[in-house]
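Since the structure comes first, as structure tokens, the remarks are kept for the end.
Numbering of residues begins at 1 and proceeds along the displayed sequence.
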Amino acid sequence: MTEPRSGAAPVERIVGIGAGAKELATEDMILNIGPQHPSTHGVLRLRLTVDGERIATAEPIIGYMHRGAEKLFEVRDYRQIIVLANRHDWLSAFANELGVVIAVERMLGMEVPVRAVWARTLLAELNRVLNHLMFLGSYPLELGAITPLFYAFRERETIQAVMEEISGGRMHYMFNRVGGLKEDLPAGWLDRVARAVADVRRRLPDIENLIAGNEIFVARTRGVGVLDRETILQYGVSGPIARASGVDLDLRRDEPYLAYGELPVKVVTRSAGDCHARFEVLLDQVKVSLDLADACVDRLRSLPRGPINQRLPKVLKVPEGHTYAWTESPLGLNGYYLVSRGEKTPWRLKLRSASYNNVQVLREMLPGHLISDMVAILGSMFFVVGDIDK
């Protein structure tokens with residue numbers, strides 16, 4: 001309405017609109033998810049713009065637990081950096097160590113004993129199983145199903161027992177060394193590994209049966225958080241997340257390292273690219289890793305006794321130069337760019353961690369979904385925040 005003022009032009013003032021006059025207007029709201037640990041797998045912050053309950057834009061904000069590992073590498077020698085390298089993805093410590101020692105060995109032109117090569121491959125696959133079981137148990141928990149977590153941790157403890165026996169550690173194994181492994185395999189350890197692998201394989205259907213046919217789990221994950229191949233290639237997404245969208249890439253088969261060139265590595269893929277497909281890929285990869293572990297045990301049994309590492313000088317210096325080593329870590333491609341100036345410490349060691357790329361794609365995936373679907377999508381991205389911030 002207009003309200004005349006003396007000596008002034010009329011001013012238009014909107015008093016109100018009846019509830020039935022038009023649709024109720026909504027206003028965009030900025031919503032912060034995290035960085036509290038329980039809501040985001042770690043100290044990650046998502047800055048969402050929401051229109052009602054639907055996400056309009058999403059921005060992952062990282063760096064809350066940045067520890068500067070790459071800078072710390074530059075003031076530690078090649079034995080000491082292993083203890084730093086195995087901590088950025090605390091679920092894949094052995095795989096993290098592996099990339100560093102492979103890069104250093106490549107620069108040295110060092111040949112690792114055959115026994116160490118096969119033992120490393122076995123331990124890498126056992127570590128992969130531990131990583132995947134954690135997500136297979138925790139993901140249903142985020143959608144309201146607590147029982148699978150107990151089953152997954154039962155299987156984790158079975159594998160943890162043999163990993164702890166050989167290394168003395170439950171999370172940070174510190175078992176790799178430049179030139180091989182810390183020490184030889186304990187007597188009877190291979191038999192205990194074979195029994196542990198058989199037990200996990202036999203009981204894995206318990207987890208699968210709890211979830212596979214659960215109509216709530218299927219409704220919350222199928223068709224939700226679809227990630228297409230083009231977006232994956234643009235953001236450098238890798239690992240189980242990429243393979244769930246039909247990207248048939250696995251370094252164990254495509255650019256073999258360790259003993260993978262002699263093993264029948266089956267690459268698990270799906271085409272749907274949704275949360276359900278990502279979960280299925282993770283579950284099937286556990287079965288593949290268990291088969292590979294069995295093959296490594298059989299090979300190690302047939303190998304004659306011999307050295308498990310190379311003797312190193314008291315001060316290890318790497319020749320001047322640079323190299324890039326990458327491995328198929330449990331969460332995806334891990335790259336290690338090592339630059340040496342001929343000293344006992346790296347001049348530069350750059351980490352390319354799988355989680356860093358995988359989490360950035362959330363800005364493309366989350367818009368258009370409901371806030372309730374965000375929980376399902378976030379959990380299906382299988383990242384470790386330390387691996388992002390490193």
Decide yes or no on side chain to side chain contact (heavy atoms under 4.5 Å, CB included) for E125 and Y260, but give the supporting numbers first. CA-CA 11 Å; E125 290 307 310; Y260 289 116; 2.4 Å; yes
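- Taking CZ from R128 and CD from Q285, the interatomic distance works out to 7.0 Å, rounded to the nearest 0.5 Å.
- For the atom pair CD1 of I308 and CG of D184, the computed distance is 4.5 Å after rounding to the nearest 0.5 Å.
- In plain terms, the two heavy atoms of G137 and A152 that are nearest each other are CA-CB, 3.6 Å.
- Salt-bridge check for D373 with R54: failed, with every basic side-chain N at 4.0 Å or more from each acidic carboxylate O.
- Put simply, the side chain of Y356 does not reach to within 4.5 Å of the side chain of D387, judged on heavy atoms.
- Using a 4.5 Å cut-off on side-chain heavy atoms (C-beta onward), L378 and L362 make contact.
- The environment of I216 atom CD1 is sparse: at most 12 non-hydrogen atoms of other residues, nucleotides or ligands sit within 6.0 angstrom.
- Ring planes of W326 and Y324: tilted class, angle from 30 to 60°.
- Residues E142 and V375 approach most closely at O-CG1, 3.8 Å, considering heavy atoms.
- Residue R311 places its CZ atom among 12 or fewer non-hydrogen atoms of other residues, nucleotides or ligands, all under 6.0 Å distant.
- A heavy-atom distance below 4.5 Å is not found between the side chains of P148 and L136.
- In this structure L249 satisfies the side chain to side chain contact (heavy atoms under 4.5 Å, CB included) test together with V247, D254, L333, sequence neighbours excluded.
- Nearest heavy-atom pair, R120 versus G180, reported as atom, atom and distance to 0.1 Å: NH2-O, 3.0 Å.
- Of the possible polar contacts, one joining the S380 side chain to the I377 backbone as a donor-acceptor pair under 3.5 Å is found.
- With rounding to the nearest 0.5 Å, the separation of CZ in F94 from CG in L123 is 4.5 Å.
- A cation-pi arrangement is found for R156 relative to F153, the charged atom lying closer than 6.0 Å to the ring centre and inside a 45° cone about the ring normal.
- When each of D51, L48, T49, D28 is checked for a side chain to side chain contact (heavy atoms under 4.5 Å, CB included) with T57, only T49 meets the rule.
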With salt bridge (Lys or Arg N to Asp or Glu O under 4.0 Å) as the criterion, how do E280 and R243 come out once you've worked through the C-alpha distance, each side chain's angles and the decisive distance to 0.1 Å? CA-CA 11 Å; E280 286 183 329; R243 290 192 283 273; over 6 Å; no
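- The backbone N or O of G246 lies less than 3.5 Å from no partner atom in the side chain of S271, so there is not a single donor-acceptor pair.
- Put simply, the side chain of R278 does not reach to within 4.5 Å of the side chain of P240, judged on heavy atoms.
- Taking CH2 from W118 and CZ from R301, the interatomic distance works out to 14.0 Å, rounded to the nearest 0.5 Å.
- Looking only at distances, a side-chain donor or acceptor of Y257 sits under 3.5 Å from a matching main-chain atom of E328.
- R79 has its side chain out of reach of K344: every pair of non-hydrogen atoms, C-beta onward, lies at least 4.5 Å apart.
- By the neighbour-count criterion of 12 heavy atoms within 6.0 Å, atom CH2 of W189 is densely surrounded, having more than that number from other residues, nucleotides or ligands.
- In the hydrophobic cluster analysis, where Ile, Leu, Val, Met, Phe, Trp and Tyr join through side-chain heavy atoms closer than 4.5 angstrom, V224 is grouped apart from V226.
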Stepwise side chain to side chain donor-acceptor pair (under 3.5 Å) test for E97 and Y173: CA-CA 9 Å; E97 299 170 11; Y173 303 111; over 6 Å; no
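- Among all heavy-atom pairs drawn from R352 and S238, the shortest one is NH1-OG, 3.8 Å.
- Using a 4.5 Å cut-off between side-chain heavy atoms of Ile, Leu, Val, Met, Phe, Trp and Tyr, with links allowed through other members, L141 and L204 fall into the same hydrophobic cluster.
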Using the side chain to side chain donor-acceptor pair (under 3.5 Å) rule, take R45 and N32 through it: C-alpha gap first, then chi angles, then the decisive distance, then the call. CA-CA 7 Å; R45 176 182 164 207; N32 283 294; 2.7 Å; yes
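- In this structure a side-chain-to-backbone donor-acceptor pair under 3.5 Å is present from Q160 to R170.
- A donor-acceptor pair under 3.5 Å is formed between the side chain of N358 and the backbone N or O of L331.
- Ionic pairing of R222 and E215 is not present here: no N-O contact between side-chain nitrogen and carboxylate oxygen is shorter than 4.0 angstrom.
- Comment: D284 engages R270 in a salt bridge, judged by a side-chain N to carboxylate O separation of less than 4.0 angstrom.
- Pairing each heavy atom of A93 with each of H172, the nearest pair is CB-CA, 4.0 Å.
- In this structure, the side chain of N334 engages the main chain of A354 through a donor-acceptor pair within 3.5 Å.
- L233 and V281 end up in different hydrophobic clusters when Ile, Leu, Val, Met, Phe, Trp and Tyr side chains are linked at under 4.5 Å.
- Taking CZ of F382 as the reference point, atom CG of L282 lies at 4.5 Å (rounded to 0.5 Å).
- Side chain of R201 to main chain of L290: a donor-acceptor pair is present (N/O by atom type, distance under 3.5 Å, no hydrogens or angles).
- Between Y139 and F217, the ring-plane angle classifies as perpendicular under the 30° and 60° cut-offs.
- The shortest distance between side-chain heavy atoms of I207 and E155 falls below 4.5 Å.
- Salt bridge present: K287 and E208 bring a charged side-chain N and a carboxylate O closer than 4.0 Å.
- Proximity of I241 to M381: side-chain heavy atoms (C-beta onward) are separated by under 4.5 Å at one or more points.
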Would you check, one step at a time, whether the test salt bridge (Lys or Arg N to Asp or Glu O under 4.0 Å) holds for R252 with D250? CA-CA 5 Å; R252 295 175 295 172; D250 192 315; 2.8 Å; yes
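- Using a 4.0 Å cut-off between a side-chain N of Lys or Arg and a carboxylate O of Asp or Glu, R154 and D199 do not qualify as a salt bridge.
- The 12-atom threshold is exceeded at CZ of F175, counting heavy atoms of other residues, nucleotides or ligands nearer than 6.0 Å.
- Interatomic distance, L185 CG to I166 CD1, rounded to the nearest 0.5 Å: 4.5 Å.
- The 12-atom threshold is not exceeded at CD of E53, counting heavy atoms of other residues, nucleotides or ligands nearer than 6.0 Å.
- Residues I232 and V267 do not share a hydrophobic cluster, clusters being chains of Ile/Leu/Val/Met/Phe/Trp/Tyr side chains in contact below 4.5 Å.
- A donor-acceptor contact closer than 3.5 angstrom links the side chains of S92 and N131.
- Considering all non-hydrogen atoms of both residues, G179 and V112 come closest at O-CG1, 3.8 Å.
- Looking at T121, its side chain does come within 3.5 Å of a backbone N or O of A259 through a donor-acceptor pair.
- Judged purely by atom type and a 3.5 angstrom limit, Y336 has no side-chain atom pairing as donor or acceptor with the backbone of L98.
- Using a 4.0 Å cut-off between charged side-chain N and carboxylate O, E70 and R348 make a salt bridge.
- Between the D298 side chain and the A293 main chain, no donor and acceptor come within less than 3.5 Å of each other.
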